[in-house]
Amino acid sequence: MLKVIQHELASLVSPSRAIKSAHYFRTGTQLAGTVDIYRGVAVPEIRRIAKANKEISINDLAKLAKSKFHDERLCALIILNHKFDKATSDVERIDYFEFWLDLLRSNRVNNWDLIDTSAPVMGKILARHLGYNAEFLHGLAKSEVLWERRAAILLTFALIRINKFGPTLAIARDLLNDKEDLIHKAVGWMLREVGNRDQEKLTEFLNKYKAQMPRTMLRYAIEKYSPKQRAAFMAR
């Protein structure tokens, strides 16, 4: 099945799209200090191939997830999401989550689209109280690795969806002084998601921390407020 996936992805190579992808993701690649190789396969095609080959063995999935090609790693993460969601036991879920965490820590989940594709799904394990607690998230947020810090805030998306906002707000506080724009955008996005469900809670957070927040983070967080409210927040 691994060769089937690789062959089908290779058959859909688009040099022009590969150039655009390399340009589009260049910031993340530069910050990670790595060179990513894009074959230019369209994301809908990657998702189609992943869905058709979701029964791939975990050993072959590991090989796909460690590919030098960005497109193949994205395909692997989409398949992993499926396996996690279809898991029938917490033991199985923990295995998939640890598999993903190993990929993250070995710099295989190494750009913002890979984080954003996988972390919101993997974060569902946090709602199951299986040992991945506040200390675990704070540890990721303090990492020197950009992608681990972005993962820390994106993992909380699953908790936002069940109206548990504390972890998101706590990690947002951890990342208030982060220097990277990709972190500012991710934190602002998650704060906005909190506000979509409880604007009073977000307003309380913003009133307390708006002076510290980078402008991009604040701008993302307040997108759903009225123009007058946004102007007041941006005036600090």
Side-chain angles (χ1 to χ4, degrees), residues 1-87 92-125 140 143 145-155 157-158 180 182 185-186:
M1 197 170 285
L2 173 62
K3 290 184 178 180
V4 170
I5 294 172
Q6 291 174 324
H7 176 76
E8 192 161 0
L9 288 170
S11 73
L12 295 168
V13 165
S14 168
S16 61
R17 189 181 290 113
I19 292 171
K20 291 178 182 178
S21 295
H23 178 77
Y24 187 57
F25 293 112
R26 70 189 187 284
T27 302
T29 302
Q30 290 167 351
L31 290 172
T34 59
V35 176
D36 230 349
I37 301 175
Y38 299 88
R39 302 180 104 174
V41 183
V43 172
E45 292 290 353
I46 295 174
R47 291 190 176 279
R48 178 185 62 77
I49 293 167
K51 183 177 181 180
N53 294 279
K54 59 194 178 186
E55 302 305 326
I56 188 174
S57 71
I58 197 68
N59 287 337
D60 280 348
L61 186 62
K63 294 175 184 176
L64 190 67
K66 295 174 182 177
S67 170
K68 65 182 180 180
F69 296 114
H70 186 100
D71 320 65
E72 292 188 1
R73 297 202 306 283
L74 177 59
C75 187
L77 292 172
I78 294 169
I79 293 172
L80 182 62
N81 284 348
H82 173 82
K83 288 183 177 294
F84 182 94
D85 279 338
K86 295 300 180 181
E92 195 176 4
R93 292 183 190 94
I94 289 172
D95 284 344
Y96 289 137
F97 181 77
E98 291 290 341
F99 178 92
W100 174 81
L101 198 57
D102 285 343
L103 293 175
L104 176 67
R105 288 174 169 162
S106 62
N107 201 36
R108 303 295 182 174
V109 187
N110 65 341
N111 218 314
W112 61 262
D113 66 317
L114 302 180
I115 293 290
D116 296 2
T117 294
S118 57
V121 175
M122 295 296 118
K124 294 175 184 178
I125 203 161
L140 282 179
S143 171
V145 180
L146 166 66
W147 309 120
E148 292 185 15
R149 301 200 305 278
R150 188 166 173 115
I153 192 68
L154 264 294
L155 283 167
F157 200 174
E180 300 296 350
L182 286 171
K185 291 176 179 178

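In this chain, numbering begins with 1 at the start of the sequence shown.
Between Ala119 and Ala151, the shortest heavy-atom contact is CB-O, 4.4 Å. Annotation for Leu155 and Phe97: closest pair CD2-CE1, 4.1 Å, computed over non-hydrogen atoms. For Pro120 against Ala158, the heavy-atom pair with the smallest separation is O-CB, 3.7 Å. Across all non-hydrogen atoms, the minimal contact from Tyr38 to Asn111 is OH-ND2, 3.5 Å. Taking all atoms of both residues into account, the shortest heavy-atom contact from Ala152 to Leu140 is CB-CB, 3.7 Å. In plain terms, the two heavy atoms of Ser143 and Glu148 that are nearest each other are OG-OE1, 2.9 Å.
A salt bridge is defined here as a Lys NZ or Arg NE, NH1 or NH2 lying under 4.0 Å from an Asp or Glu carboxylate O, and Arg39 with Glu72 meets this definition.
The CD1 atom of Ile94 sits 5.0 Å away from atom CD1 of Ile125, with the distance rounded to the nearest 0.5 Å. With rounding to the nearest 0.5 angstrom, the OG1 atom of Thr117 is 5.0 Å from the CG atom of Leu74. Between atom CZ of residue Phe69 and atom CG of residue Leu64 there is a gap of 11.5 Å, rounded to the nearest 0.5 Å. Residue Phe84 holds its CZ atom at 11.0 Å from CG of Asp95, rounded to the nearest 0.5 Å. Atoms OG and CD1, from Ser67 and Ile37 in turn, are 8.0 Å apart once rounded to the nearest 0.5 Å.
In this structure the side chain of Leu114 never reaches within 4.5 angstrom of the side chain of Trp147, judged on heavy atoms. Contact annotation: the side chain of Leu104 approaches that of Ile115 to within less than 4.5 Å [non-hydrogen atoms, C-beta and beyond]. With contacts defined as side-chain heavy-atom distances shorter than 4.5 Å, the pair Leu12/Ile49 qualifies. Two residues are said to be in side-chain contact when any heavy atoms from C-beta on lie closer than 4.5 Å; Leu80 and Ser118 fail this criterion. Residues Leu103 and Arg73 are not in side-chain contact: their nearest non-hydrogen atoms beyond the backbone lie 4.5 Å or more apart. In this structure, the side chains of Met122 and Leu101 stay at 4.5 Å or more apart for every pair of heavy atoms. Proximity of Glu45 to Leu9: side-chain heavy atoms (C-beta onward) are nowhere separated by under 4.5 Å. Residues Lys51 and Ile78 are not in side-chain contact: their nearest non-hydrogen atoms beyond the backbone lie 4.5 Å or more apart.
Among Arg93, Lys54, Lys124, the one residue that satisfies the salt bridge (Lys or Arg N to Asp or Glu O under 4.0 Å) test with Asp85 is Lys124.
Under the 3.5 Å distance criterion, the side-chain polar atoms of Lys83 are matched with a main-chain donor or acceptor of Ile56. A donor-acceptor pair is defined here as one N or O able to donate and one able to accept, closer than 3.5 Å; no such pair exists between the side chain of Asn53 and the backbone of Ile5. Judged by distance alone, the side chain of Asn81 and the main-chain N or O of Val121 form no donor-acceptor pair under 3.5 Å. Remark: the backbone N or O of Leu182 is paired with a side-chain donor or acceptor of Arg150 at under 3.5 angstrom.
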| said: Would Cys75 and Asp71 count as a side chain to side chain contact (heavy atoms under 4.5 Å, CB included) here? Give the steps. | reply: CA-CA 6 Å; Cys75 187; Asp71 320 65; over 6 Å; no
| task | Would you sort out whether Glu8 and Arg48 count as a salt bridge (charged side-chain N to carboxylate O under 4.0 Å, His left out), showing the intermediate values? | result | CA-CA 11 Å; Glu8 192 161 0; Arg48 178 185 62 77; 2.9 Å; yes
